[in-house]
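Remember, it's a predicted structure, so these values are computed and weren't measured experimentally.
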Amino acid sequence: MKRIEFRRSPSNPYYPGVVFDADSGVCEISGESYMEEAYKFYYPLINWLKEFTEKENGKIILNIKLIYFNTSTTKCLLDMFEILKKYKNNGNEVEINWFYDKEDPDMIDEVKDFEKEAEIDIEVKEF
Amino acid sequence: MVDPNKKMEFFNKNTRNLIFYEGPFYIDLLTIFGNYLKFYTHDYPLAQKKLFKIYVELTQNVSNYSEEYILSKNENRRIGMGEMKLTDHQSQYYITTKNIVKLRDANILSQRCEIINSSSKEHLKELKRELRKSSPGEKFGARIGIVSAKLISNNNIDYNIIENDREYSIFKITAKINKNETY
């Protein structure tokens, strides 16, 4: 599968940095995510996850290191969690880690909300 | 010639306007203002983070839903127009947005703000989850941004409908963020 890599840029900081790597099974989203039309950005990532979970059977790790994300982004993240939940329910290994800045304790509440809504375990870790 | 007494009065004022903008809410422009916002508020790290989150929600509401808009030439998408103001008060920051709404939407927005202000934190979290689930695409309506503003700030939001004409009104909303917010 093709590796996806998108580097953050100071000229459009509303796009996060992304690395999705099928060889290692490690996927990472970092930075800020408050673009308009979030689906246009996240659609390839959601499709990548769909393809991985259909074709592969190895462990997948999703590391989220988002400092800020807007409402549109939350919907895309929930779609990703839904795919990973199905993969896990089919007996595969899934790990979701959410890294947060200790100066932003509100983020823990957000992650707990995601866990409740997506019905999947998310490990909360400090940066 | 500046009257020295007036000058002192200016510097002793408890309220300062940090940012004011009126026009189309382009994302690149909002990013620049967002950087200024972070710069001006860095003495209060938790308030800074809360303020930025609310700023993005409220300004994107204007960008997405204002009835006054322009069409971007490149992407052929609408960019809402309105006003944004960041004010520094003694113990709080105020972030205010104003935009044109249809008269019938103004009343609905008003009722929703009333409900949001009178709801508990748990109820608002539940409402946010419901709104996310019930939205088929990525358009959630302005309500989820207002719910977020109340949840993040821990303060009631101020809102006001200013009648413009028979068809349209101006919707003004202010979120207040405590500078010495502790978790």
Side-chain angles (χ1 to χ4, degrees), chain A residues 8-16 31-46 65-82 85 99-120 122 124 126-127, chain B residues 25-28 30-32 34-35 38 44-61 63-64 72 75 77-80 121-122 124-126 128-149 151-154 181-183:
Chain A
R8 290 163 64 193
S9 153
S11 59
N12 42 19
Y14 37 85
Y15 289 116
E32 295 183 339
S33 177
Y34 60 95
M35 71 292 281
E36 294 157 327
E37 299 180 300
Y39 253 98
K40 277 189 184 171
F41 182 84
Y42 280 94
Y43 186 72
L45 306 183
I46 292 166
K65 298 177 177 176
L66 288 173
I67 304 161
Y68 173 69
F69 49 92
N70 65 357
T71 306
S72 306
T73 299
T74 60
K75 189 90 174 172
C76 301
L77 293 174
L78 283 165
D79 285 353
M80 288 187 183
F81 295 155
E82 186 62 35
K85 188 171 81 175
F99 294 81
Y100 79 101
D101 178 355
K102 66 178 177 186
E103 288 191 344
D104 186 15
D106 285 343
M107 192 62 93
I108 300 173
D109 269 357
E110 284 278 359
V111 179
K112 295 287 166 207
D113 266 7
F114 272 125
E115 249 187 333
K116 201 170 177 179
E117 190 167 341
E119 297 170 330
I120 192 164
I122 303 173
V124 183
E126 255 185 46
F127 269 121
Chain B
F25 278 34
Y26 291 107
I27 187 150
D28 290 308
L30 297 177
T31 298
I32 293 167
N35 288 338
K38 286 175 183 170
Y44 304 95
L46 185 51
Q48 182 199 49
K49 288 179 173 62
K50 285 176 179 283
L51 185 58
F52 182 73
K53 291 173 187 178
I54 295 170
Y55 161 79
V56 173
E57 291 297 333
L58 294 186
T59 53
Q60 290 195 332
N61 270 355
S63 183
N64 290 331
S72 80
E75 300 166 70
R77 64 186 302 268
R78 70 197 293 290
I79 296 158
K121 196 172 179 175
E122 284 313 308
L124 288 174
K125 283 182 179 179
E126 191 58 42
K128 199 172 159 181
R129 281 194 288 268
E130 278 172 22
L131 288 169
R132 276 203 292 237
K133 267 187 187 166
S134 60
S135 310
E138 60 177 314
K139 289 276 183 183
F140 299 93
R143 189 162 41 152
I144 200 161
I146 303 171
V147 170
S148 297
L151 267 174
I152 296 165
S153 71
N154 296 318
E181 183 80 45
T182 51
Y183 190 67

Engineer: Say you draw a straight line from CZ of B:Arg143 to OG1 of A:Thr71; how long is it, rounded to the nearest 0.5 Å?
Structural biologist: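 One gets 13.0 Å once the value is rounded to the nearest 0.5 Å.
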Engineer: Between B:Ile144 and A:Lys75, is any pair of side-chain heavy atoms under 4.5 Å apart?
Structural biologist: no
Engineer: Any side-chain heavy-atom pair from B:Arg77 and A:Glu36 closer than 4.5 angstrom?
Structural biologist: yes
Engineer: Below 4.5 Å, heavy atoms only, C-beta onward: do B:Leu46 and A:Glu103 meet side chain to side chain?
Structural biologist: no
Engineer: Only one of B:Lys125, B:Arg129, B:Arg132 forms a side-chain hydrogen bond (donor to acceptor under 3.5 Å, both in side chains) with A:Glu117, so which one is it?
Structural biologist: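 Testing each of B:Lys125, B:Arg129, B:Arg132 against A:Glu117, the sole residue satisfying side-chain hydrogen bond (donor to acceptor under 3.5 Å, both in side chains) is B:Arg132.
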Engineer: Using only atom types and a distance under 3.5 Å, with no angle test, would you say the side chain of B:Gln60 pairs donor to acceptor with the backbone of A:Tyr34?
Structural biologist: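 Side chain of B:Gln60 to backbone of A:Tyr34, a donor-acceptor pair under 3.5 Å: yes, one is there.
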Engineer: Evaluate the side-chain proximity of A:Thr74 to B:Lys128: yes if any heavy-atom separation is below 4.5 Å, no if none is.
Structural biologist: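 Counting from C-beta outward, B:Lys128 and A:Thr74 never come under 4.5 Å.
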Engineer: Which heavy-atom pair separates B:Asp28 from A:Ser11 by the least distance, and what is that distance?
Structural biologist: OD1-O, 4.0 Å
Engineer: To the nearest 0.5 Å, how far apart are CZ in A:Phe69 and NZ in B:Lys53?
Structural biologist: 7.5 Å
Engineer: To the nearest 0.5 Å, how far apart are CD1 in B:Ile152 and CD in A:Glu110?
Structural biologist: 6.5 Å
Engineer: How far does CD1 of A:Ile67 sit from CZ of B:Phe52, to the nearest 0.5 angstrom?
Structural biologist: 9.5 Å
Engineer: Would the B:Tyr55 and A:Tyr68 ring centres measure less than 6.0 Å apart?
Structural biologist: no
Engineer: Using 4.0 Å as the upper bound for N to carboxylate O, is an ion pair formed by B:Lys38 and A:Glu32?
Structural biologist: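 B:Lys38 and A:Glu32: salt-bridged.
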Engineer: What distance do B:Leu151 atom CG and A:Asp113 atom CG have between them, rounded to the nearest 0.5 Å?
Structural biologist: 8.0 Å
